[in-house]
Amino acid sequence: MSQKDEKKQFKVMLGLFASLLIGLVVFVTVMFIYKAGEMNVYSIMSVAIALLILIFALYVVIKRKKEIDKGIPQHDERSKKIMNLAASRAFYISLYWFLAIMWFDILFEKMQLETNSVVGLGIAGMAIIWVICQFWYNKFGDKHL
Amino acid sequence: MKNNIKQYRAKFNLTQEDLASKVGVRRETIVFLEQGKYNPSLELAYKIAKALKSNIDELFIFN
């Protein structure tokens, strides 16, 4: 990808990120104004998690901006290979993660996890596994790279 | 795969960052290449060989 394309892609990403941030701020403000009485720990926690993810995204965006200005490519053949390897391994591991959630639900019947919670746990687990795989292969490499 | 990239880079007084920008990759890729923890594509191997005024056979040691 040429530097011009990378700058264009960065602008699109920045626009998306800014829209998400503005959307989240508006959503939280509206919730606090109209639904303050109905809010519980879980709703506050979910907003806090979204905010944390956005703060992390802001860090990534600033880092990328600095690299683009220096002319450093955002992706090269190694980073693309790592992304593919991490995605395939994360998918494979997450199958076991979903099985674990299923067994957890059967073993602890008293907990009675709701469908939303199970799906949320599954997706969050997949995302975390993917991030860990990315970090691992980036740091330690792999014989398949 | 073992290689002589570090020695050739030193010969031309190039930093890892210089070589990375010459061949269009990130510095981390050069670090992993020098450590033998990453096998480059034929295209990248050729680009590195060209940047270090060498050839693939001299740079990379195939077992």
Side-chain angles (χ1 to χ4, degrees), chain A residues 1-14 17 56-93 129-145, chain B:
Chain A
M1 196 187 284
S2 72
Q3 187 142 6
K4 200 178 167 186
D5 290 336
E6 280 196 335
K7 279 188 178 173
K8 201 175 163 186
Q9 196 187 37
F10 176 78
K11 277 181 187 169
V12 172
M13 216 178 73
L14 195 65
F17 169 74
F56 180 70
L58 181 70
Y59 162 76
V60 172
V61 165
I62 292 168
K63 199 175 158 230
R64 282 197 172 183
K65 173 88 176 78
K66 282 180 184 169
E67 285 182 351
I68 287 171
D69 289 345
K70 280 185 191 170
I72 298 169
Q74 291 305 294
H75 296 287
D76 60 6
E77 61 169 57
R78 182 177 165 271
S79 69
K80 281 175 191 165
K81 276 184 190 174
I82 285 176
M83 214 186 287
N84 287 339
L85 187 66
S88 63
R89 292 277 163 86
F91 172 73
Y92 182 72
I93 296 167
I129 292 166
W130 181 70
V131 169
I132 292 170
C133 285
Q134 279 258 23
F135 174 77
W136 182 269
Y137 294 128
N138 235 325
K139 188 94 180 156
F140 303 108
D142 187 84
K143 63 177 178 177
H144 294 106
L145 285 173
Chain B
M1 188 198 304
K2 287 179 183 174
N3 61 70
N4 300 314
I5 296 174
K6 199 172 180 179
Q7 290 85 326
Y8 271 78
R9 192 169 54 75
K11 198 169 125 185
F12 291 101
N13 214 13
L14 288 171
T15 63
Q16 288 175 333
E17 216 159 340
D18 294 335
L19 181 60
S21 74
K22 270 192 170 195
V23 296
V25 295
R26 295 175 66 83
R27 193 183 65 85
E28 295 90 329
T29 304
I30 302 296
V31 173
F32 275 81
L33 267 171
E34 286 186 358
Q35 290 173 353
K37 288 182 181 173
Y38 176 64
N39 295 327
S41 66
L42 188 59
E43 190 187 349
L44 181 59
Y46 175 77
K47 280 181 184 173
I48 292 170
K50 206 176 168 189
L52 296 174
K53 296 184 177 66
S54 173
N55 58 54
I56 293 175
D57 270 356
E58 283 176 30
L59 271 184
F60 297 95
I61 302 152
F62 296 94
N63 293 320

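- The CD atom of A:Glu77 lies 11.0 Å from the CD1 atom of A:Ile82; values are rounded to the nearest 0.5 Å.
- For A:Pro73 against B:Gly24, the heavy-atom pair with the smallest separation is CG-O, 3.8 Å.
- Counting all heavy atoms, side chain and backbone alike, A:Phe140 lies closest to B:Lys37 at O-CD, 4.2 Å.
- By the side chain to side chain donor-acceptor pair (under 3.5 Å) test, A:Arg89 is found to be paired with A:Tyr137, A:His144, residues two or more places apart in sequence or in another chain being considered.
- The structure places CG of A:Asp69 at 10.0 Å from NZ of A:Lys66, a figure rounded to the nearest 0.5 Å.
- Considering only heavy atoms from C-beta on, A:Arg64 comes within 4.5 Å of A:Gln74 through its side chain.
- Scanning residues 27-34 of chain B against chain A with a 4.5 Å heavy-atom cutoff picks out B:Glu28, B:Thr29, B:Phe32, ordered by number.
- Chain A is approached within less than 4.5 Å, heavy atom to heavy atom, by B:Leu44 from residues 44-56 of chain B, ordered by number.
- Residue-level contacts of residues 3-23 of chain B with chain A do not occur; threshold 4.5 Å between heavy atoms.
- The backbone N or O of A:His75 lies less than 3.5 Å from no partner atom in the side chain of B:Arg26, so there is not a single donor-acceptor pair.
- With rounding to the nearest 0.5 angstrom, the CG atom of A:Asn84 is 9.5 Å from the OG atom of A:Ser79.
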Full working for side chain to side chain contact (heavy atoms under 4.5 Å, CB included) between A:Asn138 and A:Met83
CA-CA 9 Å; A:Asn138 235 325; A:Met83 214 186 287; over 6 Å; no
